[in-house]
Amino acid sequence: MNDLDRLAARAAELRESLNYHAYLYYVLDQPAIADADYDALYRELQALEAEHPDLRAPDSPTERVGAAPLEKFEQVRHLEAMLSLANARDEAELLAWDQRNRRFLEGRGYDDAPFRYVVEPKIDGLAISLTYRDGLFAVGATRGNGEVGEDVTANLRTIGSLPLRLHGARPPAVVEVRGEVYLPLAAFARLNEARAAAGLSAFVNPRNAAAGSIRQLDPALAAERPLDLWCYAIGFSEGVDVPDHHSALEWLRAQGFRVNPHIVLVDGIDAAAATCRAWEQRRADLDYDIDGAVVKVDSYALQTALGSVAHDPRWAIAFKFAPTTVTTRLHSIEVNVGRTGVLTPFAVLEPVFVSGVTVERATLHNEDDIGRKDIRPGDDVILQRAGDVIPQVVGPVLDGWVDEDGRREERSARHAALPEWRMPEACPACGSHVVRETGEVAVRCPNRSCPAQLVESIKHFVSKGAMDIDGVGERLVEDLYAEDLIRDVADLYSLHRDDLVELEGFALDRKTGEAKRADRVLRSLDESRTRPFARVLFALGIRHVGAVTAQALVQGFPSMEALQAASAEELAGVPGVGPVVAEAVTQHLADEHNRETLEKLRVAGLRLAEEHPRRADGALAGTSFVLTGKLPSLTRGEAQALIEARGGRVSGSVSKATDYVVVGEDPGSKLAKAGRLGVATLDEGALRTLLAVAETPEDAVGARSPLDDDTRS
Ligand code: IVH
């Protein structure tokens, strides 16, 4: 084998291994390796592909990210039409459907054929079709009008559980796999919170959110939304030979698709009905939204004999669940101030039991939303546990209330007599005059020292997805603030044991003199000093900077110094970072008060630079530098950031592995050592030339392990 063959074999091995581990993680939910190990393999493949572009392959996991934004979606004609489903609103309608089908088949040679049914959760997402050619994922499309949909291949590729290559050894020439893209409930809740904070309107339900996400023209934005996929049917195929629906599902499973584990095969319609009933009871246990169950005739021969009417097959039906809504009294509307200063109104309700929990508070998103729904304090309102998780006030109970089609009739006299609700003009936490930026729905408290904002931003900093400071919860943050012990996130690191033991619940143990809780908090804080730079950056709570965006920023600018030195234009050049994010970052970092906090964090020993920033895709990947002496125009931090942005590595001491020693004024012993070991030296001019040649590639997005996406539920 020559060198190139060896590299090609290694790339193939890496692809296979990475795809296998993604499958274990995303599809089977049984990861077998640590994310750091996954990352290392990923980076190795990325580096190989960067060095030898002909080693790139359609089933390489690196293909999941980095696709360029589209102007518009192309149209795709489905090879086989995507049908929709007729509804059964209750059990009687389900039984009637079975009866109708039996009558229809009478005299067609299927009298008294045993009816086996497959019962599936009806996922409240977005139907999609995935075409595989010769085993490779080729095209992914939305349903559209059933005949022609939109090409959303790049967005679908970002879904980790979607196989890029079928698992079978002899793949069919063509197969269309049908399924539902959806947003898990936790992700849906987080998305809406983030949208509210950014002054955007909330998605009504996970289906709207999934649809909005899959229709993002920029795949990097779609990648920020942790969509997932359940596959439930085969459309057109050439070379898949299965006799019935449950075998088709088995085939899909064997090919690496995510097939819902709750799906069952049952005998007869009574068993199917019982399954539907049972699921309706337990729908709240799922971490995704289902709006019913789908009952499908198992046998393909029977399916063919039954055929379809218009766009609905006779062989399948959707058993719809009752929506989970109740009515209750809205006592008042109060306002919360979030960490970015956004005022969010919430409903204070007469406690009411809905789909398993008692609800007494519900978010109302923003003033416009309240106006649109015409919700007034004192109303009886309809409360829905959307997705069985976040309670939502749908609207007031009026004679003429807004129905599903948006129709509204006359309002009741009582409602009309109630005053409309207005957002307060003063911040409820600090009294500052609130502002509403033009073009935004959100109303903000402009006071950066507003106690509510400070407390919320500290809560965000310590939270699980951010610095993950064990033992420091929301309550403790509030107490610490109330006791004047903290004013910003950096103050956490100057807390003393003596301060903590004064707090409620932190008292010393009289017998042993131990302060277990205080020590735990101090230990956690200490431990958090080692969180990677990207986590710190996310924890700062900069507007629009989520965990994934923070990671992207760090890929481009691996130190705080580099970030602070960058202009908004430069930041916007980082893949995955747009102008809005860039502007928010520069504003945040330019702020005097924030600068002080950052300085305090630096002194506290937090990581404000990536430890081993390696852009495996950069031209200097694998090249190691040592800096010595004072350079004429670059600080050490700047030089390091420039090298790291191109994939190079800067280390502190010269060894045989060092490629270049960069020498400035008054170099130390490192220069002498470089001479002894025969390591090449560069002055600043030569370094700049090297950097210019190795200019950062614009189209590369950094590696992402399936495990580090903490927006996943
Ligand atoms: S089967 C002919 N199975 O429901 C069969 N659909 O109202 C067509 N859906 O457009 C679809 N879960 O978006 C099927 N397990 C499931 C489903 C499911 C959700 C959606 C799908 C479809 C709609 C029909």
Side-chain angles (χ1 to χ4, degrees), residues 3 7 36 39-40 42-52 529-530 532-534 536-537 553-566 570 573-574 599 602-603 605-698 700 702-703:
D3 273 3
L7 291 179
D39 276 354
Y42 188 100
R43 284 201 220 99
E44 187 186 342
L45 179 59
Q46 225 180 11
L48 266 178
E49 292 177 350
E51 190 111 341
H52 305 279
R529 288 184 163 96
T530 62
F533 176 43
V536 180
L537 189 59
L553 281 165
V554 169
Q555 295 279 338
F557 295 86
S559 71
M560 188 53 83
E561 254 177 316
L563 274 176
Q564 284 174 323
E570 286 167 326
V574 173
E599 194 42 42
R602 184 190 306 282
V603 172
L606 269 69
R607 291 194 178 165
L608 295 182
E610 173 108 286
E611 289 280 277
H612 298 292
R614 265 193 293 149
R615 294 231 0 189
D617 52 355
L620 295 181
T623 313
S624 128
F625 293 77
V626 171
L627 307 172
T628 178
K630 189 174 176 319
L631 297 175
S633 75
L634 291 172
T635 66
R636 186 172 286 249
E638 287 164 347
Q640 177 163 357
L642 289 165
I643 291 167
E644 288 172 348
R646 288 156 184 79
R649 192 183 351 200
V650 176
S651 80
S653 58
V654 182
S655 73
K656 276 192 292 206
T658 309
D659 294 296
Y660 300 104
V661 173
V662 182
V663 186
E665 239 181 272
D666 294 325
S669 62
K670 290 172 186 169
L671 178 59
K673 186 153 182 205
R676 270 204 309 281
L677 294 173
V679 174
T681 58
L682 303 171
D683 61 13
E684 191 186 284
L687 174 66
R688 282 187 180 278
T689 311
L690 187 65
L691 292 171
V693 174
E695 199 46 76
T696 323
E698 287 297 19

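The structure displayed is predicted, hence computed values, not measured ones.
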Worksheet item: Nearest heavy-atom pair of Gln640 and Leu627: which atoms, and what distance?
Response: N-CD1, 4.3 Å
Worksheet entry | Any Met560 side-chain heavy atom under 4.5 Å of Leu537 side chain | yes
Worksheet item: Are any non-hydrogen side-chain atoms of Arg607 and Thr530 less than 4.5 angstrom apart?
Response: yes
Worksheet, complete the sentence: Between Val626 and Val654 the two heavy atoms that sit nearest each other are CG1-CG2, 3.9 Å
Discussion item. I need the minimum non-hydrogen distance between Thr658 and Ser624, along with the two atoms involved.
Written reply: CA-OG, 3.5 Å
Worksheet, complete the sentence: Residues Ala562 and Phe557: closest non-hydrogen pair is O-CD2, 3.7 Å
Discussion item. Donor-acceptor pair, distance only, cut-off 3.5 Å: does the side chain of Arg646 make one with the backbone of Leu691?
Written reply: yes
Worksheet item: What's the spacing between Glu644 CD and Arg649 CZ if we round to 0.5 Å?
Response: 10.0 Å
Worksheet item: Out of curiosity, Arg602 CZ to Glu561 CD, how far, rounded to the nearest 0.5 Å?
Response: 6.0 Å
Worksheet item: When rounded to the nearest 0.5 angstrom, what distance separates CG in Asp683 from CZ in Arg688?
Response: 11.0 Å
Response to the item:
Closest non-hydrogen atoms of Leu634 and Leu642, given as atom of the first, atom of the second and distance, are CD2-CD1, 3.9 Å
Discussion item. Rounded at 0.5 Å granularity, tell me how far NZ in Lys656 sits from CZ in Arg676.
Written reply: 12.5 Å
Discussion item. Can you give me the closest heavy-atom contact between Ala639 and Leu631, atom names plus distance?
Written reply: CB-CD1, 4.0 Å
Worksheet item: Hey, what do you get for OG1 (Thr623) to CD1 (Ile643), rounding to the nearest 0.5 Å?
Response: 10.0 Å
Fill in: Value rounded to 0.5 Å, distance of OG in Ser559 from CD in Glu638
9.0 Å
Item to complete: Would you indicate whether Tyr660, at its atom OH, is surrounded by more than 12 heavy atoms from other residues, nucleotides or ligands within a distance under 6.0 Å?
Response: no
